[in-house]
Number of protein chains: 2
Amino acid sequence: MAEERSTRDRVLDAFERLLVGAGSRAATLDAVAAEAGVSKGGLLYHFHSREALVDGMVERLREQAARDVELMRSAEQGPVGFYLETSVDTGSDFDRALIAASRIAQEHDHGARTALADIRDAWFGVLNEHLGDEALARTIQLIGDGLYFDDTTGLGSPDALGHVRKVLGRLGH
Amino acid sequence: MAEERSTRDRVLDAFERLLVGAGSRAATLDAVAAEAGVSKGGLLYHFHSREALVDGMVERLREQAARDVELMRSAEQGPVGFYLETSVDTGSDFDRALIAASRIAQEHDHGARTALADIRDAWFGVLNEHLGDEALARTIQLIGDGLYFDDTTGLGSPDALGHVRKVLGRLGH
DNA sequence: GTCTATACGCGGATAGAC
DNA sequence: GTCTATCCGCGTATAGAC
């Protein structure tokens, strides 16, 4: 039977939702506690400081990423399709964690930065291995980043993914 | 003779540097004043609130953007080359303003979001007009966003732009 | 494990001197 | 136009009851 989501996880979920939805400035301990439906004291039992909250989030992100890379490797539609489709925000837990971490990384947090760098390296490894074409692999990764960024910033055109497919089609993909 | 940079502008410069270098959380009025070499009171004479600071920055960004679009339109290397080259952080004032605004936009600021959306529309207009190919124009814009995002997050591979050129070359550009 | 109460410094903002 | 002094609320963190 599926375990109940622990308070710890619910707090991290709340933290991520606030980071994604309103930015780091708004993701205060007060706000996180309220969003998670727990008192500030309750939150601070699980995470002794804001920094610990960030660390906990990054740690969980790494676990999620390891699973994602496995899915990408063995995806039915191939790694490229899987990567691009999951670069537009699908609303998955992993997407949310990734965007949340990028918010923190922008503040110079070392843990978040290296985690994101490692995850990107893993993705690139799969793309490059599959395509056998570094330039194309890098370009596709950039397109994925662009899709992400646009989604994340609330910009982004309606059928971005469709346009990309069209162009990749001309390249024989 | 070139005018001295006004205090107002120096404050906005400082605000942008902090936003880009350390994030919105770190860009406090105290920090901005110190970075600009002015007292908090001095800063608040020019901008009555943090919100006013953001508005001033966005307003200046729009002026810079109008100039950039003109440069893009008439660039020697063509709009695509100009766009991609200026998508990696060149360290220009405009780049800094753009990245700074994207930080603020992530916090749901309406002014920053619409300004960025308008600027992106203008860029797309030039690309699409020049290429006469919407799918390609959108894809190139995504690549530019990706370059931006990577630079911005401190990720990004060394010769990203070179790889992109290679792939675009295969498409006949 | 979760809560309430409390301490305390920081960030945003005002008043008024120079 | 720029400064210092000051106010107040918020964000982080601790102590200790339940």
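Proteins come first, then strands; the chains are lettered A, B, ... in the order of their sequence lines, and each starts at number 1. Just the heavy atoms: all of them, side chains too, but no hydrogens, waters or symmetry mates, feed the values below.
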Next item on the list: Can you check each nucleotide of nucleotides 2-18 of chain C against protein heavy atoms at under 4.0 Å and return B for base, S for sugar-phosphate only, - for none, in 5' to 3' order?
Entry: BBB------SBBB----
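The one candidate from B:Arg10, B:Arg103, B:Arg96 that meets the salt bridge (Lys or Arg N to Asp or Glu O under 4.0 Å) condition with B:Glu16 is B:Arg96.
In this structure, B:Glu63 places its CD atom where more than 12 heavy-atom neighbours from other residues, nucleotides or ligands lie under 6.0 Å away.
Listed by first then second residue, pairs satisfying ring pair (Phe, Tyr, Trp, His ring centres under 6.0 Å) with a partner in residues 44-72 of chain B number zero, not counting sequence neighbours.
Because its NZ or CZ atom is not both nearer than 6.0 Å to the ring centre of B:Phe94 and within 45° of the ring axis, B:Arg67 does not count as a cation-pi partner of that residue.
Considering only residues two or more places apart in sequence or on other chains, B:Asp9 meets the salt bridge (charged side-chain N to carboxylate O under 4.0 Å, His left out) condition with B:Arg60.
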